[in-house]
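Written below as structure tokens is the structure these notes are about.
In listed order, ligands and their atoms are each counted from 1.
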Amino acid sequence: MAIIGFIGVGNMGLPMARRLQDAGHDVRCFDASAAALGRAEQAGLRASASAAAAVDGADIVITMLPSGAHVLDVLLDAALPLRDGALVIDCSTIDVASCAAFHEALGRKGLAALDAPVSGGVAGAAAGTLTFMVGGSAAAYDRAQDVLRAMGKTLVHAGAAGAGQAAKICNNMLAGVSMLAVSEALALARKLGLDSGKFFEIASKSSGQCWALTSYAPEPGLVPAAPSNRGYEGGFASELMLKDLRLAQQAASAGQSPTPLGAAAASMYAVHCANGRARLDFSSIILLLDPSRARADAKETT
Ligand code: NAD
């Protein structure tokens with residue numbers, strides 16, 4: 001069993017660290033927020049007084065932080081006592097430039113590193129069913145297997161350093177764009193007088209079929225497990241979708257890859273978040289395209 005230094009025990013990091021501890025690893029946590037660290041302690045995890053104390057002597061260091069700036073802040077700190085032979089795994093969703101920077105800096109020190117962003121949200125983290133998309137050497141990936149298996153169900157070695165982040169932002173751009181397309185189609189179908197259930201029955205067996213429609217429909221009553229049936233509470237917040245769409249735009253600009261639909265999706269999610277819906281699940285974007293739904297909901301609840 002490994003000694004693991006875990007930095008960042010927020011919404012995702014806390015349940016991930018618990019899965020590691022439950023699997024028998026010796027987990028030492030740190031978070032810059034005293035409240036987050038307190039919650040980790042209450043959940044039975046061992047809290048360290050600093051990032052340095054958490055990683056001291058650790059075989060594996062895991063970071064689960066908000067952005068690339070936070071990851072570089074922690075991992076590039078020259079005073080961080082990473083031991084020779086330690087493996088560093090960053091599970092945060094971050095920009096490709098910061099990802100390349102931490103791989104390069106740790107490589108210069110002779111340390112193995114992986115970018116391993118996740119899909120599956122807080123529920124997947126608690127259940128240990130996350131999907132990990134991993135970038136880095138095959139040797140580092142092999143070493144990480146046991147630890148990643150304790151937190152996830154699906155592991156994919158996407159390729160060399162940075163490939164995990166590339167997969168994550170491309171996937172989420174696809175999810176954001178397709179959720180908008182499904183929302184537009186449902187809004188238009190309603191305007192044309194089509195029954196939504198009938199349209200769903202037809203499109204889910206026709207060329208319009210996609211995950212955003214058949215597993216996560218933004219209109220209530222079509223897919224029972226979808227957040228649309230719970231007032232768009234839970235699920236994957238619109239503000240997190242906006243973050244990932246912006247990361248995709250940064251990467252697209254740097255690589256001069258045209259992503260006009262990704263750019264449109266980023267703009268629309270920015271408006272949606274500014275309208276006060278940042279915390280709602282990302283399928284709530286249908287309320288931006290068809291405001292009559294929001295007005296109808298408001299009438300029902302008053
Ligand atoms: P969060 O804000 O709940 O947790 C991040 C934690 O990092 C916070 O507790 C914060 O105090 C801590 N932190 C920030 N700077 C720090 C530092 N320098 N040292 C130590 N701790 C520091 O965020 P989250 O929802 O847990 O997401 C974490 C990452 O996972 C993000 O990159 C996010 O995009 C990604 N992600 C989130 C979800 C989700 O559903 N929440 C899903 C997939 C991926």
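In this structure, a donor-acceptor pair under 3.5 Å is present between the side chains of Ser284 and His272.
Considering only residues two or more places apart in sequence or on other chains, Arg143 meets the side-chain contact (heavy atoms from CB on, under 4.5 Å) condition with Leu87, Ala112.
Closest to atom 5 (C) of ligand 1 by heavy atom, among Pro66, Gly8, Pro15, is Pro66. Between atom 15 (N) of ligand 1 and the options Arg39, His70, Glu239, Lys168, the minimum heavy-atom separation is to His70. The option with the heavy atom closest to atom 19 (N) of ligand 1, from among Val74, Thr63, Leu72, is Val74. When Met64, Met241, Lys243 are ranked by how near their heavy atoms come to atom 30 (O) of ligand 1, first place goes to Met64.
At a threshold of 4.0 Å, the pair Arg39-Asp31 does not count as salt-bridged, since none of the basic side-chain nitrogens sits closer than that to a carboxylate oxygen. Salt bridge present: Glu201 and Lys198 bring a charged side-chain N and a carboxylate O closer than 4.0 Å.
Closest protein heavy atom to atom 8 (C) of ligand 1: Asp31 OD2, 3.5 Å. Atom 3 (O) of ligand 1 has its closest protein heavy atom at Asn11 N, 2.9 Å. Summary of contacts: the protein heavy atom closest to atom 4 (O) of ligand 1 is Gly10 CA, 3.3 Å. Nearest protein heavy-atom neighbour of atom 43 (C) of ligand 1: Val118 O, 3.6 Å. Here the protein heavy atom with the shortest distance to atom 40 (O) of ligand 1 is Gly121 CA, 3.6 Å. For atom 21 (N) of ligand 1, the closest heavy atom belonging to the protein is Ala32 N, 3.0 Å. Here the protein heavy atom with the shortest distance to atom 44 (C) of ligand 1 is Thr93 OG1, 3.7 Å.
With Asn275 contributing its side chain and Arg277 its backbone, the two residues share no donor-acceptor pair below 3.5 Å.
Taking only nitrogen or oxygen atoms, main chain and side chain alike, Ser119 does not reach within less than 3.5 Å of ligand 1. Geometrically, ligand 1 and Val9 share no nitrogen or oxygen pair separated by less than 3.5 Å. On a distance-only criterion, Met12 and ligand 1 share at least one N/O pair closer than 3.5 Å. The N/O atoms of Leu65, backbone and side chain alike, include one that comes under 3.5 Å of an N/O atom in ligand 1.
No option in Leu240, Asp244, Leu245 other than Asp244 meets the side-chain contact (heavy atoms from CB on, under 4.5 Å) test with Asn172.
Looking at Ile94 against ligand 1, nothing comes within 4.0 Å, counting heavy atoms.
The six-membered or imidazole ring of Tyr216 lies near that of Phe282, with a centre-to-centre distance under 6.0 Å.
Of all the atoms in ligand 1, the ones that sit under 4.0 Å from a non-hydrogen atom of Ala36 are 9 (O). Using a 4.0 Å cut-off to heavy atoms of Leu240, the atoms of ligand 1 that qualify are 39 (C), 40 (O), 41 (N). Close contacts between ligand 1 and Ser33 involve ligand atoms 11 (O) [criterion: under 4.0 Å to a heavy atom]. In summary, the atoms of ligand 1 found under 4.0 Å from a heavy atom of Ile7, numbered by their order in the structure, are 20 (C). Those atoms of ligand 1 with a heavy atom of Ser92 less than 4.0 angstrom away are 32 (O).
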Start with the C-alpha gap between Arg108 and Glu104, add the side-chain angles, then the distance that decides, and say whether salt bridge (charged side-chain N to carboxylate O under 4.0 Å, His left out) holds. CA-CA 6 Å; Arg108 261 191 274 116; Glu104 214 233 330; 3.6 Å; yes

Where do Thr214 and Gln209 land on the side chain to side chain donor-acceptor pair (under 3.5 Å) test, with the steps shown first? CA-CA 7 Å; Thr214 51; Gln209 189 279 330; 3.1 Å; yes

Identify each donor-acceptor pair in which a side-chain atom of residues 54-63 lies under 3.5 Å from a protein atom, sequence neighbours left out, and give them as a table.
unit_1: Asp59; atom_1: OD1; unit_2: Arg83; atom_2: NH2; d: 2.6
unit_1: Asp59; atom_1: OD2; unit_2: Ile3; atom_2: N; d: 2.7
unit_1: Thr63; atom_1: OG1; unit_2: Asp90; atom_2: OD1; d: 2.7

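Between Cys210 and Val182, some side-chain heavy-atom pair lies under the 4.5 Å cut-off. In this structure the side chain of Ile94 reaches within 4.5 angstrom of the side chain of Phe102, judged on heavy atoms. Side chains of Met64 and Ile7 form no contact here, defined as non-hydrogen atoms less than 4.5 Å apart.
In this structure, atom 23 (O) of ligand 1 has its sub-4.0 angstrom surroundings free of protein heavy atoms.
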